[in-house]
Amino acid sequence: MRTTAFPTTVSGVSERLSGFMAHLRANGLPAGVAETEATLKALKTINAGSPQDVRLACKTICSIHHDSYHRFDELFDSYWFNRGREKSGFDDSHERTRKNNRSNFAPGVDESQKAKGNGSAEQPDDTSDDGEALHNGEGKLIASRTTNIEKTDFRELMTPESIQQAEQLAAKLANAIRDRRSRRFRADKRGARIDLRKTIRRSISHGGVPLRLHRKRKPDRPVRITALLDVSGSMTVYARIFLSFLKGLISHDTHTDAYLFHTSLVRISDALRDHDTLRAANRLSLMAQGFGGGTKIGANLKRFNEQYAAHTVNGRSVVIILSDGYDTDDPQQLADALQRLKKRNGKIIWLNPLSGWKDYAPVAGGMAAALPWLDHFAAANTLDSLAALEPQLKKL
Amino acid sequence: MSWKSLQTDLAAQGYIANDALAMAVYLASQQQRPLLLEGAAGVGKTEIAKQLSAIHNNRLIRLQCYEGLDASTTIYEWNYQKQLLSVQAARDGETEQLDARIFSDRFLLKRPLLEAITQAQPPVLLIDEIDRADEEFEAYLLEILSEYQVSIPELGTITATSKPMVVLTSNGSRDLSDALRRRCFYTYVDYPDLQTELAILNARLPGIDAALAGQIVGFVQSLRKEDLEKKPGVAEMLDWAAAVTGLGIAKLSDNPIELQATMVCLLKTQADQYAIPGEITQRLVGKVVA
């Protein structure tokens, strides 16, 4: 969170209040002139001397979502009581973004860097994670010998072009998944076809004059995509490119949802849609504290089921999980959570970067438990493997 | 009138609102802005509109949203049959004033939204479960909610004679557009805390035994913490309390079999009923019956 210093030079309620609105804006709430005006009006009708009253009034006026509604108290305190969390890690990450200016997509940069920089306490080690995978896969990547960019494992591929390519690929995939048309016709005012049967039937009441032409068309039944990205220690090397992938997935419509998880689960759809890249990076870094730590896939999926799935997953949904399947929880918990998710009738796709490795078999406890509930299990370690998903996902 | 007195008025009607909700309702009515309420099912979002109309003794106009809702069922429609009859009756005689006549107020069927802004007394307009309506419908709402006017091509613009108090509710089955959200004051209605829920129970079932009321509310509160598909709302709690008192149960721990039978009031899916067998019910009861 950005903390705005309390301006000591301004006087008068309206100036302080517009400062507060600027503070809210900087933290991603859509507070504008209209909100300032409404708040000033409200202050006249309530007891402006009572912090609690003012807080409640501002809360109802300025917050527009569930998320912002619950975050509001913190923002309010940080401005009016100078009690906000300090800019934890903000300067730090910001500087790193500039230093490692390798990408035009910032969100992933500071996290993966930060995880390397100070995440060592909570994460085993980058190298040891690789080592674990190496034990399974005898240390050979299928495609790493070729220089072709499409076939290079993401771990060795962090150029701005490839990241952009991942984003474009994701957008293409999202379109392939989403594009669905119903087989049935439905009454529609601007439909392409005339519903003759209905028109004639209705004309009887007007003495056979077809006064209104009734139309019909096949309605769109877009598939909703929900993506869950594992950003735990073992996935750190892939996190940046997958974040771009996520951005590509969600940027083309407003119904796609994206979540990050490590030891806890955070919704990042709004942050990824933020056009202000720096603010998006900042929001993401706050959301993903613990980036690069251990993984609790089962517990997080359970939380997803409880908190979000009811609104986001139904028979026309595709849930994409991007994870290597290394879970610190009981595999049974993961299986239970997936089973429950499956009950919502959506499709579940698991993209595992490790499965592109030679001789990889999904034997990790979590992965093995998850397999029966998946509609599609595929590799996602090269751009080629992502591109290869398109025909498969079209079929789902 | 301050927001505190509004809260008291609501309480007198038997609706216990927390501070945030009372403030939101108060500001929305002061500034004549729509109020958007989100929250889980059964926390009293729809009820607040009913209570508001009762307090001010105003009409409640309710628009239940569903998929496929369009302007002709929500704003206005011409009475085609009547127009046709009128045209046929006038076929031989006058034709000049015909147009003006058949597109007049008499042939206009007012639907809830138009009706709400043409009342003499400002009514309470409840737009229930707005998230079920299509996105196009939100666009219709924008003009009405911000300008309180409706444009009818044949008649011109109809401006509000009185601005209704608008309450929108949403269960979050679809994300609403930011344009709509920004025109509204927003409150997220959560499950009530122990004290509030106890007050609700006492207000709705006056004369309930204080110890039993405490047990009932405590039980439902802890049941909500269990892993359920559909958490019991306030309405379910009230149903259950009525069932428990109706059966003459004086203490929740008295008759485990009967108590388990009453759980149908609280658990609304098969999976949930399966998830809370008698043993778990007894464990939860054990916690609240000291």
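Proteins come first, then strands; the chains are lettered A, B, ... in the order of their sequence lines, and each starts at number 1. Nothing here was measured: the structure is a model prediction, and the numbers come from that model.
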Need one label for Ala187(A): side chain, backbone, both or neither, based on atoms under 4.5 Å from any heavy atom in chain B.
neither
Looking only at heavy atoms, which two atoms of Gln30(B) and Thr45(A) are closest? And how far apart?
OE1-CG2, 3.3 Å
Which atoms of Gln52(A) are under 4.5 Å from chain B, going by heavy atoms: the side chain, the backbone, both sets, or neither?
neither
Of Leu56(A), Ile61(A), Ile64(A), the largest count of non-hydrogen pairs under 4.5 angstrom with chain B goes to Ile64(A)
Only counting residues at least two apart or in another chain, list the ones meeting ring pair (Phe, Tyr, Trp, His ring centres under 6.0 Å) with Tyr308(A).
Tyr259(A)
Side-chain heavy-atom pair Tyr69(A), Glu38(B) within 4.5 angstrom cut-off:
no
Answer yes or no: is there an ion pair linking Glu67(B) with Arg186(A), defined by an N-O contact shorter than 4.0 Å?
yes
Can you tell me which portion of Asn47(A) sits under 4.5 Å from chain B's heavy atoms? Options are side chain, backbone, both or neither.
neither
Working note: Asp178(B) + His65(A), criterion side-chain contact (heavy atoms from CB on, under 4.5 Å); need CA distance, chi angles, decisive distance, verdict.
CA-CA 9 Å; Asp178(B) 275 4; His65(A) 295 119; 3.4 Å; yes
Non-hydrogen contacts under 4.5 angstrom with chain A: give the residues of residues 179-193 of chain B involved, or none if there are none.
Arg181(B), Arg182(B), Phe185(B), Tyr186(B), Thr187(B), Tyr188(B), Asp190(B)
Kindly compute the distance separating NZ (Lys189(A)) from OG (Ser72(B)), expressed to the nearest 0.5 Å.
4.5 Å
If I measure from the heavy atoms of chain A, does Leu85(B) come under 4.5 Å with its side chain, its backbone, both, or neither?
neither
Test side-chain contact (heavy atoms from CB on, under 4.5 Å) applied to Met23(B) and Ile46(A), step by step:
CA-CA 9 Å; Met23(B) 175 64 90; Ile46(A) 61 169; 3.9 Å; yes
